[in-house]
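All remarks here apply to the structure that follows.
Every number for a ligand or one of its atoms is a count from 1 in the order of the listing. The structure presented is a predicted model; accordingly, all values stated were derived computationally and were not measured.
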Amino acid sequence: MDTAFESETRAVFDRYQREQENNEHIFTRLVSLIDEEYFGFNPGGFAGLNVLDAGCGSNANASYAFLEKGAAKVTSLELGEEWMDCAARRLSKFGRKSELIGGSVLNLPFGDGSFDFVHCAGVLPHTANPRKGFDELARVTRPGGHLFITIIGTGNGIFYRCINHLRELYASDAQFRQAIDNLDGRTAKEALDWLLAVKSQNEPPFLKGEDGFFRSLFDDDLFVTLRDRFQAPTYHEFAFTEQQIRNWYAENGFIDIRRVSRYTKGFENLRRFLAPLYLHYDHPLARFWFGDGCIQMIGARN
Ligand SMILES: C[S@@+](CC[C@H](N)C(=O)[O-])C[C@H]1O[C@@H](n2cnc3c(N)ncnc32)[C@H](O)[C@@H]1O
């Protein structure tokens, strides 16, 4: 890895991506995110494709999904090499169709036009230069091939404003930092046990089953994804508008540029109540909460 910043980024993500790989429910939920319809492809549309999963993460969940969906070859790229044992636990069954490569999206070790489909989810906001990364991803997409990226958009959504504020607190307040670093299903359960015990000592339930419902809003999956928002060294949250990202595609010779969205199923925590906002990112409630939200975009190289 080129910089201390990249090593720190990798270490933060490695911790939680290994937890995701270890948890069958979370891993299965992540794999289910990849389906042809979401990308606007016909059923079976990944069969035979040569795919790059750039910034695949230690568990390479999307690489796994592309291979399950019949890709001819998936190259999984991530910073350094320490993650490969984790990815290989899932991918080794695909034999030579799966290749693991250490490298950076800022300097991809592939020739121009090497891939039919380039997938880069949640990676660019964590790099030192998202635009440079985008241009590299575009370069290795073959004419007629597709490039898919996700990036956090600009906007004044309440949620991202809170996260930004809390990231500052995480950097400056040792007590808050320790609470976040220790946040997992076990510590959350202890906190909930205490909270609900005090509540039941003082007041009967308002609704039947309310304590169980309240508990069901929190699980390891939620804490794993929340922690990275604080711990990752950089997060270009408010950096780019949807129009800017469209321009990046157009300037790199892409056509048929589309923002896509999906109903994210399988959350066993409070995010199941946010899933409608992920799907309808243009709804006023979604705008209020997430601003421009998570921009998921795909284009075809001309
Ligand atoms: C939010 S995670 C997303 C992982 C995976 N794409 C997924 O959807 O589960 C961001 C990933 O980007 C990786 N990353 C950050 N900077 C990178 C770079 N310059 N080159 C390649 N990967 C990078 C991190 O190590 C991390 O695994």
Looking at Cys56, which atoms of ligand 1 are within less than 4.0 Å of one of its heavy atoms? 5 (C)
Measure the distance from atom 14 (N) of ligand 1 to every protein heavy atom, then report the residue, atom name and distance (to 0.1 Å) of the closest one. Val123 CG1, 3.8 Å
In terms of residue, atom name and distance, what is the protein heavy atom nearest to atom 20 (N) of ligand 1? Val105 N, 3.0 Å
Atom 7 (C) of ligand 1 sits nearest the protein heavy atom Asn61 ND2, 3.9 Å
Which residue holds the protein heavy atom closest to atom 3 (C) of ligand 1, what is that atom called, and what is the gap in Å? Ala121 O, 3.4 Å
Proximity flag Gln17 to ligand 1, non-hydrogen atoms under 4.0 Å: yes
Ranked by distance from atom 27 (O) of ligand 1, the top protein heavy atom is Glu78 OE2, 2.7 Å
is_close_aromatic(Phe134, Tyr249), centroid dist under 6.0 Å: yes
Answer yes or no: does an N/O atom from Arg10 fall short of 3.5 Å to an N/O atom of ligand 1? yes
Whether Ala62 lies under 4.0 Å from ligand 1, heavy atom: no
In terms of atom number and element, which parts of ligand 1 are under 4.0 angstrom from non-hydrogen atoms of Gly55? 4 (C), 5 (C), 6 (N), 22 (N)
Do the numbers put Arg259 on top of the ring of Tyr281, so that NZ or CZ is under 6.0 Å from the six-membered ring centre and no more than 45° off the axis? yes
Parallel, tilted or perpendicular, as decided by the 30° and 60° cut-offs, for the rings of Tyr38 and Phe148: perpendicular
Atoms in ligand 1 with a heavy atom of Ser104 nearer than 4.0 Å: 18 (C), 19 (N), 20 (N)
Which is closest to atom 17 (C) of ligand 1 by heavy-atom distance: Asp228, Asn107, Leu79, Thr225? Leu79
Looking only at protein heavy atoms, which one is nearest to atom 10 (C) of ligand 1, and what is the separation? Gly122 O, 3.4 Å
Contacts of Phe288 that satisfy ring-ring contact (aromatic ring centres under 6.0 Å, His included) - sequence neighbours left out: none
Indicate yes or no: does Arg15 engage Glu82 in a salt bridge with an N to O separation below 4.0 Å. no
Identified ring pair (Phe, Tyr, Trp, His ring centres under 6.0 Å) counterpart of Tyr278 within the set Tyr263, Phe273, Phe290: Phe290
Take Arg139 and Glu136 through the test salt bridge (charged side-chain N to carboxylate O under 4.0 Å, His left out) and record every step on the way to the result. CA-CA 5 Å; Arg139 180 182 66 75; Glu136 272 294 271; 2.8 Å; yes
For the residue pair Phe214 and Phe218, does the interplanar ring angle fall in the parallel (under 30°), tilted (30 to 60°) or perpendicular (over 60°) class? perpendicular
Could you check whether any side-chain N or O of Arg258 sits under 3.5 Å from a backbone N or O of Phe39, counting only pairs where one atom can act as donor and the other as acceptor? yes
